[in-house]
Structure formats: C-alpha cells, structure tokens
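Before anything else, here's the structure in question.
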Amino acid sequence: MNALRFVGTRLTSMVFVLLAVSLLTYAIFVLLPADPAQLACGRPCTPERLETARAFMGLDQNFLVQWWNFVTGIFTGRTFGSAGAEITCPAPCLGYSFVLRQPVTDLIVGRLPVTFSIALGAAVLWLLAGVAAGVVAAVRRGTTVDRAIMVTAITGVSAPSYLVGLLGILLFGFTLDMVPVNGYVPFTTSPVDWAWHLVLPWCVLAFLSAAIYARLTRAQMLDALGSEYVRTARAKGITERRVVTRHALRNVMVPVVTLFGLDLGVLLGGTVITEKVFSMAGLGALLLDAVGNTDVPLLVGVTFFSAALIVVANLLVDVVYGVMDPRVRA
C-alpha cells in the first residue's frame with residue numbers, strides 16, 4: 001500500500017506540474033511581441049486579412065481560452081479554421097506549425113530517432129565511464145591514478161560542449177580520419193552505419209557528463225568506504241572487492257541514479273549544441289529552426305514536450321529511488 005500511495009502521489013504531482021509548465025510555456029511564447037498571425041498573413045496584410053488569419057489560427061480568443069484549447073488538444077485533437085477551409089490536428093496535438101504546414105507532433109516524432117539515439121548512447125557511456133572512474137579514484141585515493149582522473153574530470157566539467165565537439169571533429173574526423181563528422185543514418189537502414197556516425201557525438205557528450213559522475217561517485221564512495229557498515233564488513237573478513245561492489249557501491253548509486261534520470265530527461269529534450277555541431281536534425285535543431293522562423297506554435301510544442309520529458313524522468317527517478325531506498329516511501 002505504501003508503494004501504491006507513493007506512486008499515486010508522484011503521478012498526481014506530475015499532472016499538476018505539467019499543467020503549470022504548459023501554462024508558463026504558453027504564456028512565455030504566446031505573449032511575445034511576435035504575432036504568428038502577422039507572419040502568416042503575408043504582404044500586403046490588410047486589417048481584415050489579419051483578423052481572418054487570427055480567427056483561423058485560434059488567436060482571436062483570450063489567453064486562457066487559447067491555453068485551455070492547447071491542453072485539451074493534446075487529448076482530443078484540434079481543428080483550425082472553419083468548415084470548407086479547415087486544418088485537422090489529430091490527438092495528441094501539440095499545435096500546428098503554419099510555417100511548415102505540419103502538426104507539431106508529427107515534426108517532433110520525425111526528429112525523435114536522432115535525439116534519442118544521441119541521448120541514450122551517450123547516457124550509457126557516461127554512466128559506465130563516470131561511475132567506474134569515480135570508484136577507481138576513491139579506491140586509489142591520493143595516488144597518481146586518482147589525481148589523473150580528477151584532472152580529467154575537472155577538464156570535462158569546465159570545457160564548453162561546442163569546443164569539445166569541434167576539437168573532436170578536427171582531431172578524429174579531419175586529422176586522423178577515423179570517424180564520420182556529420183550526418184545521421186537511421187538504425188533501420190544500417191545498424192552499423194547508425195552506430196558509426198554516432199560514435200563521436202556519443203564520446204563528446206559522455207566526456208562532458210562522465211566528468212560530473214566521476215566526481216560525484218568519488219565523493220560518495222569515500223564517504224561510504226569510511227562508514228561503520230563498511231568497517232564491519234571488513235572486520236568479518238569479506239574481500240575488498242566485495243566490500244566495494246556489494247556494500248559501498250550500492251549506496252553510492254542512489255544519488256547517481258537520481259542525477260542520471262534528470263540528466264537523461266534534459267538530454268532527450270534535445271541536444272541543441274551537439275546536434276548543430278554534428279549537423280544532425282534532432283529536436284534541438286528543430287527548436288533552433290523554430291526560433292529562426294519565429295514559429296511560435298512549434299516553439300511552444302517542442303518546449304512543452306521537452307519539459308514533459310524532464311517531468312516524466314523525475315517521476316521515474318522517484319520510483320526507482322523508492323525501490324532502491326524503501327525509507328523514501330515511508
């Protein structure tokens with residue numbers, strides 16, 4: 001019962017957070033000086049044509065009604081215009097891009113494979129590399145290995161992502177000619193080419209994020225190795241490897257998993273800089289195109305979708321956290 005109540009509470013909180021996020025997102029972009037109807041009206045745009053465009057796009061209603069139409073459209077779909085000249089946006093409808101003349105949901109779905117491929121591959125690499133490096137640094141505290149790992153971690157934390165990406169392209173792409181430097185090959189076309197074109201983006205993102213995980217894991221591991229339960233395990237004659245992997249590391253993974261879930265949620269929302277550096281058309285590139293075209297419906301839809309991913313990731317982290325540490329459900 002405690003577990004069900006815990007999950008139910010988190011789900012209820014998620015619903016209210018998403019409603020608040022949708023309202024704020026809609027307010028920020030819809031209340032901008034840029035008028036989507038003015039952009040769609042073209043030139044010359046008479047006052048009569050502008051009002052027709054606003055009515056067609058549903059912008060002739062007050063702000064709260066527009067926002068509520070956006071929310072309900074996610075579940076029921078929306079229709080823009082009137083009979084004889086209407087555009088249907090089926091559920092789940094996150095708006096309609098009148099610039100690209102496509103539902104925002106279709107545009108997002110079309111870009112998801114690229115962003116998800118980059119994010120998931122990089123996440124696996126940085127989690128494994130970061131945790132492993134942090135454990136080794138903690139176990140060999142004060143040695144040359146520890147100092148080398150921490151120097152590398154500080155470099156990764158401090159380096160701008162675009163700089164690391166460009167250096168990776170220059171060194172491994174142009175100088176050594178080892179890996180492709182741009183483009184995306186769908187997994188269904190060729191799994192090998194798919195992975196080969198993603199190696200460099202994965203490594204760049206993993207290097208930047210693994211540095212944070214290495215420092216966090218090292219700090220948590222040092223605390224765990226100095227705790228009473230670890231000293232008790234050693235006194236019982238348990239091998240050092242088992243003490244580290246079965247006792248200390250298990251408690252260290254709780255904050256690591258929390259951070260991992262949130263970072264992955266952010267990354268799934270669009271790796272803007274990485275996609276731009278490596279010329280990959282994912283959600284990040286879609287968002288930049290929306291900004292460049294002042295495509296407000298697309299801006300609202302992509303931003304809300306990215307925020308929803310973070311909220312869902314936070315929910316999953318809470319559930320996993322509750323499984324790993326039952327005290328949270330009490």
Practice problem: Kindly write out the residues that satisfy side chain to side chain donor-acceptor pair (under 3.5 Å) with Asp146, not counting sequence neighbours, or none if the list is empty. | Solution: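 Scan of Asp146 (side chain to side chain donor-acceptor pair (under 3.5 Å), adjacent residues dropped) gives Arg218.
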- prompt: Sequence neighbours excluded, which residues qualify as side chain to side chain contact (heavy atoms under 4.5 Å, CB included) partners of Phe278?
  reply: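 If we apply the side chain to side chain contact (heavy atoms under 4.5 Å, CB included) test to Phe278, skipping adjacent residues, the hits are Ile169, Leu200, Pro201, Val204, Thr274, Met280.
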Walk me through whether Phe207 and Leu125 qualify under side chain to side chain contact (heavy atoms under 4.5 Å, CB included). CA-CA 9 Å; Phe207 172 72; Leu125 282 180; over 6 Å; no
By ring-ring contact (aromatic ring centres under 6.0 Å, His included), Phe63 pairs with (sequence neighbours left out) none
With sequence neighbours left out, the residues meeting side chain to side chain contact (heavy atoms under 4.5 Å, CB included) with Val312 are Met14, Leu316
Rounded to the nearest 0.5 Å, the CG atom of Leu283 sits from the CG atom of Leu309 at a distance of 8.0 Å
- [ ] Using atom types as modelled and distance alone, determine if a side-chain donor or acceptor of Arg231 lies under 3.5 Å from a backbone N or O of Gly226.
- [x]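 Yes: the side chain of Arg231 pairs with the backbone of Gly226.
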Residues 129-144 vs side chain to side chain donor-acceptor pair (under 3.5 Å), sequence neighbours excluded, gives none
> Quick one: are Phe187 and Ser117 in side-chain contact, heavy atoms under 4.5 Å?
Replying inline: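 No, too far: nothing below the 4.5 Å cut-off.
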- prompt: Is the side chain of Thr175 donor-acceptor paired with the backbone N or O of Leu170 at a distance under 3.5 Å, no angle test?
  reply: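 Side chain of Thr175 to backbone of Leu170: a pair is present.
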Taken to the nearest 0.5 Å, the spacing of Leu23 CG from Phe304 CZ works out to 11.0 Å
TODO: For the pair Phe56 and Phe98, name the ring-plane relationship: parallel under 30°, tilted 30 to 60°, perpendicular over 60°.
DONE: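 Ring orientation, 0 to 90° scale: perpendicular.
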Residues passing the side chain to side chain donor-acceptor pair (under 3.5 Å) test with Ser190, sequence neighbours excluded, are Asp193
Given Ile118 and Val114, is the side chain to side chain contact (heavy atoms under 4.5 Å, CB included) satisfied, shown in steps? CA-CA 6 Å; Ile118 296 173; Val114 178; 4.1 Å; yes
Check: Could you go step by step and tell me if Leu298 and Val99 meet the side chain to side chain contact (heavy atoms under 4.5 Å, CB included) rule?
Finding: CA-CA 9 Å; Leu298 185 57; Val99 175; over 6 Å; no
Subject >> With sequence neighbours excluded, residues passing salt bridge (charged side-chain N to carboxylate O under 4.0 Å, His left out) with Asp263 >> reply: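 Not a single residue meets the salt bridge (charged side-chain N to carboxylate O under 4.0 Å, His left out) criterion with Asp263.
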Notebook entry, point to check: So, for Ala153 and Ala211, which heavy atoms are closest and what is the spacing to 0.1 Å?
Noted result: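 Shortest heavy-atom separation between Ala153 and Ala211 comes out as O-CB, 3.1 Å.
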Those residues at least two apart in sequence (or on a different chain) that pass side chain to side chain contact (heavy atoms under 4.5 Å, CB included) with Met178 are Phe172, Leu176
For Leu286 and Arg111 the tightest heavy-atom approach is N-NH1, 3.4 Å
d(Asn62 CG, Trp68 CH2) to nearest 0.5 Å is 13.5 Å
- Does any non-hydrogen side-chain atom of Phe260 lie less than 4.5 Å from one of Val131?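 Result no, sub-4.5 Å side-chain heavy-atom pair not found.
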#### Entry: side chain to side chain donor-acceptor pair (under 3.5 Å) against Trp202, all qualifying residues, sequence neighbours excluded
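Per chain and number, Trp202 pairs via side chain to side chain donor-acceptor pair (under 3.5 Å) with no residue.
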Checklist entry - Within the side chain of Tyr184, is there an N or O that forms a donor-acceptor pair under 3.5 Å with the backbone of Trp194? => result no
Exercise. How long is the gap from CD1 on Ile74 to CZ on Phe305, to the nearest 0.5 Å?
Worked result: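 Taking CD1 in Ile74 and CZ in Phe305, the distance rounds to 11.5 Å.
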*N/O donor-acceptor pair under 3.5 Å between Thr105 side chain and Leu94 backbone*: yes
Over 60° means perpendicular and under 30° means parallel, so classify the ring planes of Trp126 and Tyr213, tilted if in between.
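Judged by the thresholds at 30° and 60°, the geometry between Tyr213 and Trp126 is tilted.
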Using a 3.5 Å distance criterion without hydrogens, assess whether the side chain of Glu86 forms a donor-acceptor pair with backbone atoms of Thr79.
no
| message | I need the full list of side chain to side chain donor-acceptor pair (under 3.5 Å) pairs touching residues 288-305, with sequence neighbours left out, sorted by first then second residue. | response |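 As it turns out, the side chain to side chain donor-acceptor pair (under 3.5 Å) pairs with a partner in residues 288-305, which skip direct neighbours, are Ser97-Asp295.
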Those residues at least two apart in sequence (or on a different chain) that pass salt bridge (charged side-chain N to carboxylate O under 4.0 Å, His left out) with Arg78 are none
Practice task
Can you sort out the partners of Ile212 under side chain to side chain contact (heavy atoms under 4.5 Å, CB included), two or more places apart, ordered by chain and number?
Solution key: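 Expected list: Val157, Leu259.
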Q) If you group Ile, Leu, Val, Met, Phe, Trp and Tyr by side-chain heavy-atom gaps below 4.5 Å, do Leu24 and Val15 land in one group? A)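 Different clusters.
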If you look at every heavy atom in Ala159 and Leu208, which pair is closest and at what distance?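 For Ala159 and Leu208, the tightest heavy-atom pair comes out as O-CD2, 3.6 Å.
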Separation between CZ (Phe70) and OG1 (Thr25), nearest 0.5 Å, reads 7.5 Å
Value for CE (Met221) from CG (Leu216), rounded to nearest 0.5 Å, stands at 10.5 Å
Strictly by modelled atom types, are Ser22 and Trp67 linked by a side-chain donor-acceptor pair under 3.5 Å?
->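 Checked: Ser22/Trp67 side chains pair up, N/O donor to acceptor below 3.5 Å.
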